[in-house]
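The structure appears right after this line, and notes come after that.
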Amino acid sequence: MTGSLWISFWIVAALVLVGVYLSWTAGRLDRLHSRIDAARAALDAQLLRRASVAQEVATAGVLDPAASIVLYQAAHAARQAEEEQREVAESELSQALRAVFAEAAQAAAVREAPGGEESLGELDRAVRRVPMARRFHNDAVRAARAVRRHRVVRWFRLAGHAPFPMAFEMDDEPPAALDGRAAR
């Protein structure tokens, strides 16, 4: 009787340890998904801010008409894009910003206008924050994907019904003329 009691004890202890491990892993995965959600919200806020400031600069009347139209249309498309087209629209806004501010003359024209220094500074900050927000989001996605690839997570379906996390891939290279250090 004593031998079977010890075997039962070890079986129960092993089951408790497995249960604790599975619970800890599920909690970790839940925290990673929460981190992805928070990082995505921050990324969305930075993308919206960048598009809004770009639209303000485009409608301020300080850029040449062609540059204003290109920048406004790209910013408007980025703000109105459906989720499936968002990466493409944001990349096109980055390309429009680089095209409009390819030369320092456009940045100087904005800077010389009343309130232009503040607008250009705000646009520069918005453009530089997007890559950081995207990097934080994609790092969280990478971490969650690494946990979700483990066999134990798949076998026990610890991710539940959460969709597989997707990275946000876009062209976020800032225009050289907007670089706060080089433009002044």
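- For E56, there are no side chain to side chain contact (heavy atoms under 4.5 Å, CB included) partners at least two apart in sequence or on another chain.
- With sequence neighbours excluded, the residues that form a side chain to side chain contact (heavy atoms under 4.5 Å, CB included) with L15 are I11.
- Contacts classified as side-chain hydrogen bond (donor to acceptor under 3.5 Å, both in side chains) and involving residues 64-73 (residues at least two apart or in different chains) are given here: D64-Q106.
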Do V127 and F101 pass the side chain to side chain contact (heavy atoms under 4.5 Å, CB included) test, and can you show the C-alpha distance, the side-chain angles, and the key distance before you say yes or no? CA-CA 12 Å; V127 164; F101 293 103; over 6 Å; no
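- The hydrophobic clustering, which links ILVMFWY residues whose side-chain heavy atoms are closer than 4.5 Å, places L22 and V153 together.
- The side chain to side chain contact (heavy atoms under 4.5 Å, CB included) check on A74 picks up L93, A96, with sequence neighbours excluded.
- In this structure R35 satisfies the salt bridge (charged side-chain N to carboxylate O under 4.0 Å, His left out) test with no other residue, sequence neighbours excluded.
- Under a hydrophobic clustering in which Ile, Leu, Val, Met, Phe, Trp and Tyr are joined whenever their side-chain heavy atoms come within less than 4.5 Å, directly or via other members, L97 and V130 fall into different clusters.
- Residue pairs that meet the salt bridge (charged side-chain N to carboxylate O under 4.0 Å, His left out) test with at least one member in residues 98-110, sequence neighbours left out, are R98-D171.
- The two residues A144 and P165 make their nearest non-hydrogen contact at CB-CG, 3.9 Å.
- Among pairs with a residue in residues 16-34, none fulfils salt bridge (charged side-chain N to carboxylate O under 4.0 Å, His left out), at least two apart in sequence or across chains.
- Within the structure, the side-chain hydrogen bond (donor to acceptor under 3.5 Å, both in side chains) test picks out the following pairs touching residues 157-170 (sequence neighbours left out): R134-E169.
- Cluster partners of V20, by chain and number: V12, V16. The rule joins Ile, Leu, Val, Met, Phe, Trp and Tyr whenever side-chain heavy atoms lie under 4.5 Å apart.
- Listed by first and then second residue, the salt bridge (charged side-chain N to carboxylate O under 4.0 Å, His left out) pairs involving residues 68-92 are R40-E83, D44-R86, R50-E90, R86-E90 (not counting sequence neighbours).
- Under a 3.5 Å cut-off, the side chain of S8 and the backbone N or O of S4 do form a donor-acceptor pair.
- Residues L63 and A58 share a closest heavy-atom pair of CD1-CA, 4.3 Å.
- Closest heavy-atom contact between R49 and R125: NH1-C, 4.2 Å.
- A single hydrophobic cluster is seen to contain both V147 and V152, as judged by linkage of ILVMFWY side chains at heavy-atom distances under 4.5 Å, directly or through other members.
- Counting only heavy atoms from C-beta outward, the side chains of H150 and L158 never approach each other to under 4.5 Å.
- Note on L32 and F156: same hydrophobic cluster, where clusters join Ile, Leu, Val, Met, Phe, Trp and Tyr whose side-chain heavy atoms are under 4.5 Å apart, directly or indirectly.
- With sequence neighbours excluded, the residues satisfying ring pair (Phe, Tyr, Trp, His ring centres under 6.0 Å) with F9 are W6.
- Put simply, L120 and V53 are part of the same group of oily side chains (I, L, V, M, F, W, Y) that touch within less than 4.5 Å, one to the next.
- Shortest non-hydrogen contact noted between A75 and A51 is CB-O, 3.5 Å.
- Pairs passing the salt bridge (charged side-chain N to carboxylate O under 4.0 Å, His left out) check and including a residue from residues 135-148, sequence neighbours excluded, read D139-R142.
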